[in-house]
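Working notes for the structure below.
Computed from a predicted model, the values in this text were never measured in an experiment. Atoms considered below: every heavy atom in the structure, side chains included; atoms not considered: hydrogens, waters and symmetry mates.
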Amino acid sequence: MKNCWSLLVLLVLGSVVAASDQAPSSKPNVIIILADDLGYGDLGCYGHPKFKTPHLDRMAAEGAKLTQFNCPAPFCAPTRAALLTGRYPFRCGMPNNPAPDGGPVADVTHLPETEITLGQLFQKAGYATSIIGKWHLGHAKPEWLPTHRGFDEYFGIPYSNDMRPVKLFEGDQPIEYPLDQTTLTQRYTDRALSFIEKNRSKPFFLYLPHAMPHKPLAASPAFAQKSGNGLYGDVLSELDASVGRVLEKVKELQLDSQTIVFFTSDNGPWFGGSTGGLRGMKGSTFEGGYRVPCIVRWPGHIPAGHVSAEPAVTMDLFATALKAASIAAPADRVIDGRDILPLCTSTAASPHVALIGAQSLQLATVRDARWKLHVLPGKDPFLGLTKKGGTWTDARGPDGKTILAPMNQYQPSDHPGLRTGVEPAAMQLFDLQADPGEQRNVADQYPEVVARLKTFMDEASK
């Protein structure tokens, strides 16, 4: 009889241990999904009349949508560095893009070793960490890659998907070349679901920076030529479905209430996308370059259907993710990001007095809730690509050999933003509430606003 009781106790204890192995962690999980070159006006929930994005629309309906969310620079790498360090690009040492085909300087550009990433902070706090997708913070040496900067796993292209050679990496080693990009969104999503499943019973940080809709655009056979809205529409449909699959996996594993999910873009759109009526595009210092969608979902913590029009910036995701996970930010450096969970849950005002916009090494703009000052003349560098009487040849377009993405690409005539407005000049001021398209300079009417914003930029950049 004694042996029977002993066996019963062991069975019960075994069941408890097995159950605890499957029980979710008490710490919140964090997922950051970053689209590449997604425009402010590309999503249905941000007003696009044709592109279909039902999963992202539902994410916004179930969480918070920010309508004045900005990136700190209108190019890829600076924004990604800012996201992972919580610091403006001019502070964290990444004002420009690394590129394997951009010459020796671009090739060795990387996030300085002195910077501390979200991956390192979450990893130190006991989280499983993974990045699936585009890194773009250094590629020429193994120690510059994600698995040496706080991520347990890495699967993706270390830079933009139009920078040759387009190689797929696992950890710090290339595993596939050439790469057919038509299945890239699908493969990234599959890997993300596997990571979530594998770490269902421990806290995890998943950074999912997709390749799309950066050029060359490519969609898998399940989505190609299916949207009815061209290649861009096809690509967005697949990206949207990817977000839906991630959210569904979180729900299936009963992790909804303990998983905060962020979705945003690194900068404004390329040709074929939409800025939602803003001036400029990717690379531009007008609003079309800086303003991007941002959706945050955390059931039980963020009320459904919340909308905030308060200014926020990419670095805020750094601060908000750490705050949600009760992880302290580095205390030995300036952290520009702020916790914006109050913006997602209430009518709280922006935690920022103003936001600075960079253009490479130079600080170009500064804005608050109403006003935007162009300290440097406004730029839209891709306007000059439009040529009458012929098509533009993209030097980094798919060539059928080193970039395998056999889909039709867009032309400069498909410019995603406004191309009108006052001729750019230094120290122009725009009223973003009355003139969101930055058409009319009102600096002469509000010299005190010009002085205030310029003083803020000068002080903040010290």
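- Annotation: the span from Phe51 atom CZ to Ser274 atom OG amounts to 7.5 Å, rounded to 0.5 Å.
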Verdict with reasoning, Arg87 to Glu115, per side chain to side chain contact (heavy atoms under 4.5 Å, CB included):
CA-CA 9 Å; Arg87 290 152 56 80; Glu115 292 299 317; 2.9 Å; yes
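- Between Pro303 and Cys344, the shortest heavy-atom distance links the atoms CD-O, 3.7 Å.
- At distances below 3.5 Å, not a single donor-acceptor pair connects side-chain atoms of Gln120 with backbone N or O atoms of Gly150.
- Smallest separation of non-hydrogen atoms from Arg164 and Ala395: NH1-O, 3.4 Å.
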List the steps and the verdict of side chain to side chain donor-acceptor pair (under 3.5 Å) for Asp336 and His352.
CA-CA 9 Å; Asp336 297 296; His352 300 281; over 6 Å; no
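- Using a cutoff of 4.0 Å between basic side-chain nitrogens and carboxylate oxygens, Glu62 and Arg297 are scored as salt-bridged.
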Under the side chain to side chain donor-acceptor pair (under 3.5 Å) criterion, do Asn29 and Thr259 qualify, and how do the steps go?
CA-CA 4 Å; Asn29 306 307; Thr259 304; 3.2 Å; yes
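- Defined by atom type and a distance below 3.5 Å, a donor-acceptor pair is missing between the side-chain atoms of Thr109 and Asn96.
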Would Arg80 and Asp266 count as a salt bridge (charged side-chain N to carboxylate O under 4.0 Å, His left out) here? Give the steps.
CA-CA 7 Å; Arg80 292 160 194 273; Asp266 61 347; 2.9 Å; yes
Would you please test Tyr410 and Asp394 for side chain to side chain contact (heavy atoms under 4.5 Å, CB included) and show each step?
CA-CA 10 Å; Tyr410 289 82; Asp394 184 355; over 6 Å; no
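- Looking at every heavy atom in both residues, Pro95 comes nearest to Pro78 through O-CG, 3.3 Å.
- The shortest distance between side-chain heavy atoms of His415 and Leu383 falls below 4.5 Å.
- Contact annotation: the side chain of Asp368 never approaches that of Val353 to less than 4.5 Å [non-hydrogen atoms, C-beta and beyond].
- The CD1 atom of Ile32 sits 7.0 Å away from the CG atom of Leu84 when rounded to the nearest 0.5 Å.
- Here the side chain of Gln439 pairs a donor or acceptor atom with the backbone of Gly421 at under 3.5 angstrom.
- Asp172 and His148 share a side-chain donor-acceptor pair at under 3.5 Å.
- Salt-bridge annotation for Asp431 and Arg370: present, with a side-chain N of the basic residue lying under 4.0 Å from a carboxylate O of the acidic one.
- With contacts defined as side-chain heavy-atom distances shorter than 4.5 Å, the pair Phe263/Ile31 does not qualify.
- Annotation: side chain of Arg245 is not in contact with side chain of Ser242 (no heavy-atom distance under 4.5 Å).
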Let's go through Leu418 and Leu278 carefully: what are the C-alpha distance in whole Å and the side-chain angles of both, what is the deciding distance for side chain to side chain contact (heavy atoms under 4.5 Å, CB included) to 0.1 Å, and is it a yes or a no?
CA-CA 6 Å; Leu418 293 178; Leu278 301 175; over 6 Å; no
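- Checked options Tyr232, Phe382, Phe75; the residue passing with Trp270 is Phe382 (criterion: ring-ring contact (aromatic ring centres under 6.0 Å, His included)).
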Stepwise, does the side chain to side chain contact (heavy atoms under 4.5 Å, CB included) test hold for Thr129 with Leu206?
CA-CA 6 Å; Thr129 59; Leu206 170 62; over 6 Å; no
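- The pair Asp162-Lys215 meets the salt-bridge criterion, with a side-chain N (NZ, NE, NH1 or NH2) lying under 4.0 Å from an Asp/Glu carboxylate O.
- To the nearest 0.5 Å, the span separating CZ on Phe69 from CG on Leu355 amounts to 9.5 Å.
- Interatomic distance, Leu236 CG to Thr185 OG1, rounded to the nearest 0.5 Å: 10.0 Å.
- Here the side chains of Leu429 and Leu453 are in contact, with some heavy-atom distance below 4.5 Å.
- With hydrogens and angles disregarded, a donor-acceptor distance shorter than 3.5 Å links the side chain of Ser346 to the backbone of Pro342.
- When side chains are defined from C-beta on, Lys134 counts as touching Cys76, because their heavy atoms get closer than 4.5 Å.
- The pair Glu153-Lys198 meets the salt-bridge criterion, with a side-chain N (NZ, NE, NH1 or NH2) lying under 4.0 Å from an Asp/Glu carboxylate O.
- Between the side chain of Tyr88 and the backbone N or O of Ile356 there is at least one donor-acceptor pair closer than 3.5 Å.
- You'll find the ring centres of Phe169 and Tyr154 outside the 6.0 Å limit.
- Between Arg419 and Asp380 there is no salt bridge, since no side-chain N of the basic residue sits under 4.0 Å from a carboxylate O of the acidic one.
- To the nearest 0.5 Å, atoms CG (Leu255) and CG (Leu247) are separated by 12.0 Å.
- Side-chain polar atoms of Thr320 and Asp316 form no donor-acceptor pair below 3.5 angstrom.
- Within the 6.0 Å centre-distance limit, the rings of His139 and Tyr159 are counted as a close aromatic pair.
- No hydrogens or angles considered: a donor-acceptor pair under 3.5 Å links the side chains of His214 and Asn161.
- Counting heavy atoms from C-beta on, the side chains of Val442 and Phe430 never come closer than 4.5 Å.
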Report the C-alpha distance between Arg367 and Gln68 in whole Å, list the side-chain angles of each, state the deciding distance to 0.1 Å, and finish with yes or no for side chain to side chain donor-acceptor pair (under 3.5 Å).
CA-CA 11 Å; Arg367 63 154 295 185; Gln68 293 288 326; 3.0 Å; yes
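- Of all the heavy atoms in Met315 and Ala82, the pair that sits closest is CG-O, 3.5 Å.
- The neighbour count for Lys323 NZ, taken as heavy atoms of other residues, nucleotides or ligands under 6.0 Å away, does not exceed 12.
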List the steps, then state whether side chain to side chain donor-acceptor pair (under 3.5 Å) holds for Gln123 with Asp152.
CA-CA 8 Å; Gln123 193 178 60; Asp152 303 328; 2.7 Å; yes
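- A 4.5 Å side-chain heavy-atom check between Leu66 and Ile340 finds at least one atom pair inside the cut-off.
- Across every non-hydrogen atom of Pro28 and Ala325, the tightest pair is CG-CA, 3.8 Å.
- The aromatic rings of His110 and Trp144 sit parallel, their planes meeting at an angle under 30°, below the 60° perpendicular limit.
- Between the Thr275 side chain and the Gly288 main chain, no donor and acceptor come within less than 3.5 Å of each other.
- A salt bridge is defined here as a Lys NZ or Arg NE, NH1 or NH2 lying under 4.0 Å from an Asp or Glu carboxylate O, and Asp37 with Lys282 meets this definition.
- Rounding to the nearest 0.5 Å places NZ of Lys372 at 3.5 Å from CD of Glu287.
- Residues Phe90 and Ala460 share a closest heavy-atom pair of CZ-O, 4.1 Å.
- A salt bridge links Glu252 and Lys249; the closest N-O separation between the charged side-chain nitrogens and carboxylate oxygens is under 4.0 Å.
- The existence of a salt bridge linking Asp458 and Lys454 is confirmed by a sub-4.0 Å separation between a basic side-chain nitrogen and an acidic carboxylate oxygen.
- One finds no salt bridge joining Glu113 and Arg149 here, because no Lys/Arg side-chain nitrogen approaches an Asp/Glu carboxylate oxygen to under 4.0 Å.
- Checking Phe195, Phe151, Phe122 one by one against Tyr127, the ring-ring contact (aromatic ring centres under 6.0 Å, His included) holds for a single residue, Phe122.
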